[in-house]
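Let me begin by presenting the structure, written as structure tokens, before commenting on it.
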Amino acid sequence: MAKKNINPNLNPESFRDALASVRKDGKRNWVYPKKVKGFFYKYRTYLSWLLLAILFLGPFIKVDGRPYMLLNIFERKFIIFGAAFWPQDTHLLIFLLLIFFVFIILFTVVFGRVWCGWACPQTLFMEMVFRKIEYLIEGDANQQRTLNEGPWTGEKIWKKGLKISVFGLISLLIGHLVMAYLIGIDQVIQIVTQPPTAHLAGFIGLLVFSGIFMFVFSWFREQACIVVCPYGRLQGVLLDDNSINVMYNYVRGEPRSPIRKQAAEIAPKGDCIDCGLCVQVCPTGIDIRNGTQMECVNCTACIDACDEVMIKVDRPVGLIRYASENSIKQGFQKLFTGRVKGYTFLLMLLVAAFISLIATREDLEGTITRFPGMTYQARPDGKVSNLYNITLINKTFEPQSVTIVSMADGMEVEIVGDTNWVLEPQTKFEGRFFLVKEQSDVKVPQEKVHLVLSAEGVEFDDIETNFMAPVGGK
Ligand code: SF4
Ligand code: SF4
């Protein structure tokens with residue numbers, strides 16, 4: 001990642017030697033980001049309302065009584081935008097994931113971490129829900145610091161108690177939301193409305209998820225983005241000098257110096273007045289003036305803070321802004337680089353392959369295999385038979401009545417057990433059947449047979465297998 005550290009007394013990369021949220025002794029350096037307001041914060045707030053509404057309404061949206069989104073990893077059953085995917089559709093899901101990853105890579109190469117700052121659920125909940133509640137209860141950064149460092153007074157107990165209770169309730173809500181995406185809203189309602197013992201695994205799942213969210217949003221916070229998130233850690237390889245990021249315009253801002261020195265003309269004049277506000281509002285505690293850093297989640301708080309300062313000192317806004325390293329250094333922005341073209345081509349290939357796979361995907365699937373370890377059975381009535389296993393999958397949302405017919409001359413299908421093959425929606429069926437033929441009609445020891453499978457009278461598969469029997473009964 002491109003970078004500048006303009007202080008000549010420092011190693012240009014020395015700021016990378018330490019994390020802002022970790023002290024020299026290895027203990028946590030609690031980040032108290034100052035409240036921010038401004039253009040970007042306003043629109044991030046509006047967008048967060050929209051995204052949170054979509055996120056919370058998602059599990060309640062049903063089409064023909066089934067969920068519109070379901071990510072049931074336990075049963076490997078997925079419904080994505082109303083389309084159901086079975087374990088047998090794993091190749092489709094892998095394609096979908098590949099498309100998603102290539103899209104994210106392409107998007108990041110061009111627009112940097114816009115996702116992190118504007119749409120990532122971690123940032124949405126942390127900055128737009130939990131942080132706002134914290135400001136409301138404990139006040140701005142300085143008041144929070146004073147409260148935390150002060151003794152346990154009645155006021156502190158009340159404020160901390162209230163905050164933990166509200167955080168706990170919201171974490172419970174998010175825990176239920178995640179479970180609703182995993183097992184469906186109906187299941188979650190059952191878990192909530194029935195005794196815990198009736199759905200012990202689900203109940204424990206709800207508690208575990210709620211506990212994880214409470215831990216993440218009340219304590220772990222920015223560490224999730226810095227230490228855990230794989231996307232954040234990939235930035236070093238995804239971003240280049242043409243990627244658009246939250247950047248400090250060091251060409252315009254340096255040499256920085258306090259405004260009083262600039263006014264007295266005892267310091268050279270860059271536009272940065274070294275007020276430190278961009279650092280104080282940063283939720284990850286970094287100084288964007290050091291350049292692009294892995295810890296930066298592109299939340300735009302420093303842009304808003306600096307713009308406010310620039311207006312106050314009557315200088316143009318945009319000292320910190322969305323820009324690429326090249327647009328700052330060389331004054332031009334190149335969007336369609338070789339990398340972008342390469343990723344776009346790959347993305348188009350993957351999308352085309354996915355569309356063709358979806359177009360040829362079957363809603364009903366049948367698999368027929370010979371019963372293992374058996375060749376043929378000679379029957380006392382002069383007939384000979386072979387035994388087969390059949391597996392049928394109904395991926396549709398309607399019941400399907402399935403029939404099987406042999407296309408070979410003089411060969412009959414004899415179903416073992418219940419002859420009424422009705423597959424419930426979204427179910428798998430396993431059964432057995434014999435192919436039976438008069439022994440005297442057997443002309444070859446191994447005969448190819450076509451078996452036609454139909455559902456509700458409409459053919460959906462034609463499977464070739466073979467029938468084995470001794471010629472002339474030998
Ligand atoms: S907020 Fe702007 S002026 Fe103040 S230190 Fe940061 S970059 Fe410089
Ligand atoms: S450097 Fe600016 S954009 Fe990046 S995380 Fe900090 S405040 Fe947000």
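One-based numbering, in listed order, for ligands and for the atoms of each.
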- Excluding sequence neighbours, so at least two apart, what forms side-chain contact (heavy atoms from CB on, under 4.5 Å) with Lys37? Glu308
- Test item: Thr284 side-chain N/O and Glu295 main-chain N/O as donor-acceptor pair under 3.5 Å: yes
- Asp271 side chain vs Glu254 backbone, donor-acceptor pair below 3.5 Å: no
- Query: How far is atom 6 (Fe) of ligand 1 from its nearest protein heavy atom, and which residue and atom name does that atom have?
  - Reply: Cys278 SG, 2.3 Å
- Paired with Ile303, the side-chain contact (heavy atoms from CB on, under 4.5 Å) test is passed by just one of Leu319, Asn298, Ile320, namely Ile320
- heavy-atom search around atom 4 (Fe) of ligand 1 in the protein gives Cys275 SG, 2.2 Å
Show me, pair by pair, the donor-acceptor contacts under 3.5 angstrom made by side chains of residues 97-105, not counting sequence neighbours?
none

- Should you measure from each heavy atom of Met310, which atoms of ligand 1 turn up under 4.0 Å away? 3 (S)
- Query: Heavy atom of Gly276 under 4.0 Å from ligand 1?
  - Reply: yes
- Item | Within 45° cone of Phe85 ring axis and under 6.0 Å: Arg361 NZ or CZ | yes
- Task: Would you please name every residue forming a side-chain contact (heavy atoms from CB on, under 4.5 Å) with Phe81, sequence neighbours left out?
- Result: Tyr68, Met69
- Message: What protein heavy atom lies closest to atom 2 (Fe) of ligand 1? Include the residue and the distance to one decimal.
- Response: Cys306 SG, 2.4 Å
- Note on the structure: Given a cut-off of 2.8 Å, the protein N, O or S atoms lying below it from atom 8 (Fe) of ligand 2 are Cys299 SG
- In terms of side-chain heavy atoms, does Arg145 have a donor or acceptor partner in Asn148 at a distance below 3.5 Å? no
- Task: Using a 4.0 Å heavy-atom threshold (strictly under), name the region of Arg289 that reaches ligand 1: side chain, backbone, both or neither.
- Result: side chain
- Give the residue, atom name and distance (to 0.1 Å) of the protein heavy atom nearest atom 8 (Fe) of ligand 1. Cys272 SG, 2.3 Å
- Shortest non-hydrogen pair, Pro151 vs Lys156, comes out as O-CD, 3.3 Å
- Message: Under a plain distance cut-off of 3.5 Å, with no hydrogens placed, do Glu325 and Tyr250 share a side-chain donor-acceptor pair?
- Response: yes
- Item | Shortest protein heavy-atom distance from atom 3 (S) of ligand 1, along with the residue and atom involved | Ile273 N, 3.5 Å
